[in-house]
Amino acid sequence: YWLAICHATGAAICRIDDTPRPIRPSLSTTPVPIVGVPPVPSVVGPRHPIRRPIPADQLFALNSAVLRPGADAVLAPVAQQARRWSLLVSITGQASPDGGTTQYNTELSWARAFAVRVRLIALGVPAAQIIRVVGIGTAHQTSDACFVHGHLDEGKCELLRRVVIVLSPASSVPS
């Protein structure tokens, strides 16, 4: 466990001291300070696909496939996890049905998925680990999906504009 914690926290060197020691009660009466240890998400690595829907507004401006300057704050942890566990990456872009033609929404969703692919590679994910990049347009949603009680609800449309990244262990991907 300690080695896993050591590695997960990013320590430069993690070693085991196997020197035998006699078991004796502690002679110290000095209280020991409590040191926080960051949470370890998994010491074995994921066994099942991890699905990460990312709202498009965290990555892109409206009607744009150019990543925002702060996109790395969202994508860097995903890239780190994919690299650390050698996970396969699938990226799916989706647009909202509140504007644009079917062709426009399909092209925009694909361009966004492709921009995420390019950025993940720049963040160190090997291109061979990215096995799927697709844009699904509005995913057959009609503009009704953005309306509540007959009124356009931008919040509902915003939820439909997203990029979904799925990280999968190689063993869980069907051949």
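Keep in mind that what you see is a predicted model, and the values were worked out from it rather than measured.
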From I165 CD1 over to I54 CD1, what is the distance, rounded to the nearest 0.5 angstrom? 3.5 Å
With sequence neighbours left out, what residues match F114 under ring pair (Phe, Tyr, Trp, His ring centres under 6.0 Å)? W110
Report yes or no: do L59 and L160 belong to one cluster of Ile/Leu/Val/Met/Phe/Trp/Tyr joined by side chain heavy-atom distances under 4.5 Å? no
Run the side-chain hydrogen bond (donor to acceptor under 3.5 Å, both in side chains) test against R52 and tell me which residues pass, sequence neighbours left out. Q81
Looking only at non-hydrogen atoms, find the nearest pair between A65 and A115 and report the distance. O-CB, 3.5 Å
Residue list, salt bridge (Lys or Arg N to Asp or Glu O under 4.0 Å) with R117, at least two apart or on another chain: none
Which residues pass the side-chain contact (heavy atoms from CB on, under 4.5 Å) test with T101, not counting sequence neighbours? Q103, Y104
How long is the gap from CZ on R84 to CG on L167, to the nearest 0.5 Å? 12.5 Å
Minimal heavy-atom distance between S168 and P49, with the atoms involved, is OG-CB, 3.6 Å
List in chain and number order the residues that pass salt bridge (Lys or Arg N to Asp or Glu O under 4.0 Å) with R161, two or more places apart in sequence or in another chain; answer none if no residue qualifies. D98, E154
Return the minimal non-hydrogen interatomic distance between L120 and A79, and the atom names on each side. CD2-CB, 4.0 Å
Indicate, with yes or no, if F60 and L108 share a hydrophobic cluster defined by side-chain heavy-atom contacts under 4.5 Å among Ile, Leu, Val, Met, Phe, Trp and Tyr. no
Donor-acceptor list for residues 124-136 side chains, cut-off 3.5 Å, not counting sequence neighbours:
residue: Q129; atom: NE2; partner: A82; partner atom: O; Å: 3.1
residue: Q129; atom: NE2; partner: L87; partner atom: O; Å: 2.7
residue: R132; atom: NH1; partner: T92; partner atom: OG1; Å: 3.3

Could I get the full list of side-chain contact (heavy atoms from CB on, under 4.5 Å) partners for R51, not counting sequence neighbours? P53, V164, V166
So, does S109 use its side chain to make a donor-acceptor pair with the main chain of Q94 at under 3.5 Å? no
Excluding sequence neighbours, so at least two apart, what forms side-chain hydrogen bond (donor to acceptor under 3.5 Å, both in side chains) with R112? none
Partner set under side-chain contact (heavy atoms from CB on, under 4.5 Å) for P55, not counting sequence neighbours: D57, Q58
Counterpart residues, side-chain contact (heavy atoms from CB on, under 4.5 Å), relative to S64 (two or more places apart): A61, V66
Can you tell me which residue pairs pass the salt bridge (Lys or Arg N to Asp or Glu O under 4.0 Å) test with a partner in residues 118-127, sequence neighbours excluded? D72-R119
